[in-house]
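Structure record follows, encoded as structure tokens.
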Amino acid sequence: MTPTLELISIQYALALLVGQDLDLRTMLRKFLPSTLKLLNCRSGYIWLHQHEAVVGVDLPEPAYSYPALHGGVVESQPALSSHLRRIVANGWQVKKPGEIIQIDSCYYHLLPIGTSGLLVLLRDPPLPDTHMLALGLVLKRLETACLACLQHAYLNEARQEALLAQKAAEQAHQAAVQANKAKSEFLAMMSHEIRTPMNGVMGLTDLMLYSEVSPQQREYLDMIKSSSRALLDIINEILDFSRIESGSLTLNYAPLSLRELIRDTFPPLTLRAKEKALAFHWEVAEDVPDALDGDAGRLRQILINLVGNAIKFTERGEVAVSVTLQSGVAVGQACVLFAIRDTGIGIALDKQASIFQPFQQADNSITRRYGGTGLGLAISSQLVEMMGGHLRVESDPGNGSIFHFSTVFNLTVKPQTPPLASARLTLLQADRPLDILLAEDNAVNRMLAVRLLSKVGHKVTVAENGQEAIAAWLVKRPDVILMDMQMPVMDGIEASLQIRQQELARGLMSTPIIALTANAMSSDRDRCLAAGMDDFLSKPFNAQDLLDVLMRTCN
Ligand code: ADP
């Protein structure tokens, strides 16, 4: 074979051994032993600068060696090690590519792998020139293959790290969702547990107010009632806030009459202002349309919070509400600006942003002086945002504040604002006495409902759980069932489902079922209706609410 032909055939054979794999060890394992065999060498070592070096060791171990080094390069190749130390100290530079060092009877060929590493081959006698030349040409290719492998490993590692980070983020998200769920469940449970006895307190107070009592007793009972109401407001605020946080609060849009809503909302606040000798007036500009599409309950809640605060934080002077029309909206819409102005204590400039954060109050001493949870403005500002507006404050400490927000309403034609239930002083006798089946496990609430319903002329049969309710329903066939949701043995949902099933199977007329429940979430209402119940009354309810829902359902 001519030298040229030999060079080409060796170069070809070597080239075939390079870059067959993207895993560095596998690639070098396929390359080095075969190359040694082809070039008739004893052994070979490959160092790569980017390959992980062992920290604290003065000479890095080879990325690959054949045959395998026992005990490391320093122990197994002490003579080579001293040369290597020189090369490493010199920044991996060899005197010239292909430098050959003779140690004992062996020739060490030092061949740079581009600028990325070093190949050392042991042979006796030294490699012929053709082999050296062929090898030199292949080393560039080996460098590319090594870099590709290192890059591949780096990418794999980065991908693994990204996967781990993504997994950790998912786990953290899951934990946060779980914690939020647990918190919401806890609040719902707390709300249920508090509402049940509150129903007893408020209901029995109502019942006593409907009976013959002395003026002083009436005064005490009114105080019990307003204290219970205040406690309930706090529970409702905490529940609202938790719903906003978990994103489960939604607005219920319906046609409303703006002037009617304001007329219904402000009388109790007027009373509060009067008690503090404050002037309280409000004005709705004439050009503000009356029939709007909005969430009356939530708009009322925002106004009560803002006007309530204005009265609470004002010692003298006045509180004024103005409702005006803003321009610049599409036909069929109205942008309405609500402004609540007071001449009260005002809010320092550096506190004006934080009061919209939950649990924040302008001043700690304020909490002690005026009370409050610090949730009202956080809830109101979130509700205003949900209505598409922003709640803002301008304040002059010592002289008063103005809270204002504007929201865009769609215009409607038929305003139907549900009026606030006004408590009557006497209970009217029922037009039509009903046979009522009451399923309720709480003894106080059971007694309360029985007394109240009997007082207006209804006949009540009681059951203490869902199973008893089904049995009583089968025998008595009442006109209506008042069904508590949470009961031992069988809950109200299951009992209602079974009653509806049996009605269907036996071709019976459907008995109206009204859920009476201390679960105040709107999802609970949906669950009741889905189980075939007809209406829903959440505890605590007043006597009139109960009689109204009975009238509504049974007529
Ligand atoms: P709360 O009134 O229950 O403390 P809010 O969220 O309604 O909670 O109000 C937060 C704080 O904002 C109040 O504690 C008070 O410091 C301040 N604030 C709200 N409205 C007014 C107002 N009209 N005048 C002065 N300070 C107010």
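Counting starts at 1 for both ligands and their atoms, in listed order. This is a predicted model, so every value here is computed, not measured.
Listed by atom number, the atoms of ligand 1 under 4.0 Å from Ile347 heavy atoms are 25 (C), 26 (N), 27 (C). When each atom of ligand 1 is checked for a heavy atom of Gly346 under 4.0 Å away, the hits are 25 (C). Counting atoms of ligand 1 from 1 in the listed order, those under 4.0 Å from a heavy atom of Leu375 are 6 (O), 8 (O). Ligand-side atoms of ligand 1 in range of Ala310: 23 (N), range being under 4.0 angstrom from any heavy atom. Close contacts of ligand 1 with Lys312, meaning ligand atoms under 4.0 Å from a residue heavy atom, involve 1 (P), 2 (O), 3 (O).
More than 12 heavy-atom neighbours from other residues, nucleotides or ligands sit within 6.0 angstrom of CD on Glu170. Surrounding CD of Glu385 are more than 12 heavy atoms belonging to other residues, nucleotides or ligands, all under 6.0 Å away. By the 6.0 Å contact criterion, CZ on Arg451 is open, its count of non-hydrogen atoms from other residues, nucleotides or ligands being 12 or less.
In this structure Ser401 satisfies the side chain to side chain donor-acceptor pair (under 3.5 Å) test together with Ser395, sequence neighbours excluded. Under the salt bridge (charged side-chain N to carboxylate O under 4.0 Å, His left out) criterion, Asp435 pairs with Lys459, not counting sequence neighbours.
Residue-level proximity to ligand 1 for Asn305 is carried by the side chain, the only part with a heavy atom below 4.0 angstrom. Contacts between Leu377 and ligand 1, counted as non-hydrogen atom pairs separated by less than 4.0 Å, involve both the backbone and the side chain.
For Phe356, the heavy-atom gap to ligand 1 stays at 4.0 angstrom or more. Residue contacts with ligand 1 include Ser401, since one or more of its heavy atoms lies under 4.0 Å from the ligand. The shell of residues lying under 4.0 angstrom from ligand 1, judged by heavy atoms, excludes Lys351.
For the pair Gly376 and ligand 1, the shortest N or O to N or O distance falls below 3.5 Å.
Relative to atom 19 (C) of ligand 1, the option among Asp233, Asn309, Asp342 with the closest non-hydrogen atom is Asn309.
Taking the six-membered ring where the residue is Trp, the centroids of Phe280 and Phe266 are separated by under 6.0 Å.
In summary, Asp222 and Arg218 do not engage in a salt bridge, as defined by a charged side-chain N under 4.0 Å from a carboxylate O.
Between the side chains of Gln333 and Asn410, at least one donor-acceptor pair of N or O atoms lies under 3.5 Å.
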